[in-house]
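Take a look at the structure below.
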Amino acid sequence: MRRLLPEPATGADPYEAYADQPALRLGMVMSVDGSATDAEGWTDGLGGDADFRVLRALRALTDAILVGAGTVRTGRLGPARLRRDLRARRGGPPAPIVVVSRSLDLDWTLPLFTEAETPTIVVTSQNNRKNVPGGIEVVAEGEDDIDLPAAITSLREDLGYEHLLCEGGPALAAALIRASLVDELCLNIAPALLGGPRHTRLLDGLDAEVPLHPTALYIDEGVLFVRYRLRV
């Protein structure tokens with residue numbers, strides 16, 4: 001991994017490059033023309049090994065990982081795991097995955113809920129918390145709809161997860177940005193033009209301009225890794 005900004009340097013370590021963890025970091029990958037999914041409809045094939053190395057570092061650095069219900073419903077999201085080298089650097093088990101879902105239309109038999117080394121947490125509304133199976137920790141904020149700011153505060157102050165990483169999907173990412181909860185966007189830009197209307201765009205439902213302030217730029221295997229600050 002090579003750093004291009006703020007000053008050029010070779011041999012950058014992703015774990016060290018992203019170590020100055022903000023309160024809430026949004027990590028996403030897209031093609032050059034803004035697609036958040038590859039030709040098969042997944043994010044897996046966009047950034048390749050370079051993207052995965054940064055993703056693993058971000059997961060190792062954070063206290064908890066936020067994901068939307070749509071990501072869980074694909075069935076492709078398993079419990080968080082750490083490579084041996086990152087586990088040693090982290091000094092403990094992987095961060096829990098926190099599923100944000102208003103409808104709770106989820107398959108509770110998935111390994112994400114039944115086999116996680118660090119138990120998965122669910123964020124939902126007060127009126128829906130009764131629909132979460134017993135044994136799963138619930139953060140319930142908002143009466144009918146989820147109160148995202150209150151839920152983030154609860155994760156930090158009640159459960160002690162000070163530093164959070166959101167991996168999407170697009171609707172959750174946009175909702176967090178709209179609520180002014182995101183401090184940093186870590187955007188990985190894959191060297192590809194995918195085109196066509198069938199691909200999911202990076203954000204879903206963001207209807208206002210959000211200024212971004214670039215703070216760092218890296219390149220690895222053709223993938224550009226840009227860090228943007230959202231709140232000054």
Side-chain angles (χ1 to χ4, degrees), residues 24-29 36-38 40-46 52 55-56 58-60 62-82 93-161 163-179 181-182 198-206:
L24 200 158
R25 170 180 273 163
L26 174 59
M28 303 191 80
V29 60
T37 55
D38 60 20
E40 303 301 321
W42 311 108
T43 62
D44 302 17
L46 278 177
F52 282 127
L55 173 64
R56 287 193 292 264
L58 294 180
R59 285 187 162 202
T62 197
D63 296 326
I65 302 162
L66 303 176
V67 297
T71 300
V72 176
R73 283 193 284 268
T74 67
R76 294 167 64 94
L77 180 68
R81 295 183 174 87
L82 287 176
I97 289 180
V98 179
V99 180
V100 181
S101 176
R102 179 177 60 181
S103 69
L104 295 179
D105 178 19
L106 301 167
D107 181 356
W108 302 106
T109 67
L110 289 171
L112 176 65
F113 299 108
T114 61
E115 300 177 13
E117 179 181 351
T118 306
T120 297
I121 300 167
V122 170
V123 169
T124 192
S125 65
Q126 290 283 357
N127 288 343
N128 270 346
R129 70 177 305 155
K130 63 183 180 296
N131 298 319
V132 180
I136 296 178
E137 187 161 18
V138 182
V139 172
E141 297 290 352
E143 187 174 352
D144 294 313
D145 204 353
I146 298 172
D147 183 335
L148 268 179
I152 295 301
T153 297
S154 181
L155 287 168
R156 289 202 179 103
E157 297 183 359
D158 298 337
L159 300 185
Y161 300 126
H163 301 293
L164 303 173
L165 167 68
C166 175
E167 295 183 355
L172 175 59
L176 290 168
I177 291 175
R178 284 198 306 271
L181 295 171
V182 177
R198 68 188 183 279
H199 300 292
T200 301
R201 298 293 100 181
L202 185 68
L203 297 174
D204 182 12
L206 188 64

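Index from 1, following the sequence.
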Tightest non-hydrogen contact, residues V98 and A64, listed as CG2-CB, 4.0 Å

Side chains of V139 and S154: does their closest heavy-atom pair fall under 4.5 Å?
-> yes

Shortest non-hydrogen contact from P149 toward A179 | CG-CB, 4.3 Å

Reported CG-to-CG distance for the pair N127 and D144, which is rounded to 0.5 angstrom | 4.5 Å

One should read off an interatomic distance between I152 CD1 and Y161 OH, to the nearest 0.5 angstrom, of 13.0 Å

Okay, side chain of D147, backbone of E141: is any donor-acceptor separation there less than 3.5 Å?
-> no

Considering all heavy atoms of both residues, which atom of L106 and which atom of A69 are nearest to each other, and what is their separation?
-> CD2-CB, 4.0 Å

Give the intermediate values and the outcome of side-chain contact (heavy atoms from CB on, under 4.5 Å) for residues L66 and L176.
-> CA-CA 10 Å; L66 303 176; L176 290 168; 4.3 Å; yes

Close side-chain approach of L112 and V72, heavy atoms under 4.5 Å | yes

V67 side chain near I97 side chain, heavy-atom distance below 4.5 Å = yes

Heavy-atom donor-acceptor pair, E137 side chain to I121 backbone, under 3.5 Å = no

L172 side, atom CG; L148 side, atom CG - distance, nearest 0.5 Å = 6.5 Å

Does L110 offer a backbone N or O that forms a donor-acceptor pair with the side chain of T114 under 3.5 Å?
-> yes

Closest non-hydrogen atom pair, A95 against A80 | O-CB, 3.5 Å

Within residues 96-124 or reaching into it, pairs that qualify as salt bridge (Lys or Arg N to Asp or Glu O under 4.0 Å) - sequence neighbours excluded | R87-E117, R102-D145

Hey, does P96 have a side-chain heavy atom less than 4.5 Å from the side chain of T120?
-> no

Do T124 and S101 touch side chain to side chain, with heavy atoms closer than 4.5 Å?
-> no

Nearest-0.5 Å distance that lies between atom CG in L104 and atom CG in N128 | 5.0 Å

Any side-chain heavy atom of I177 sitting closer than 4.5 Å to one from L26?
-> yes

Test item: W108 and V122 side chains (from C-beta on) under 4.5 Å apart, heavy atoms | yes

What closest approach, in Å, do Q126 and A140 show between heavy atoms, and which atom pair accounts for it?
-> NE2-O, 3.0 Å

Those residues that, when tested against L55, pass side-chain contact (heavy atoms from CB on, under 4.5 Å) (two or more places apart) = F52, R59, E167

The single option from L155, L164, T62 that satisfies side-chain contact (heavy atoms from CB on, under 4.5 Å) with L24 is L164

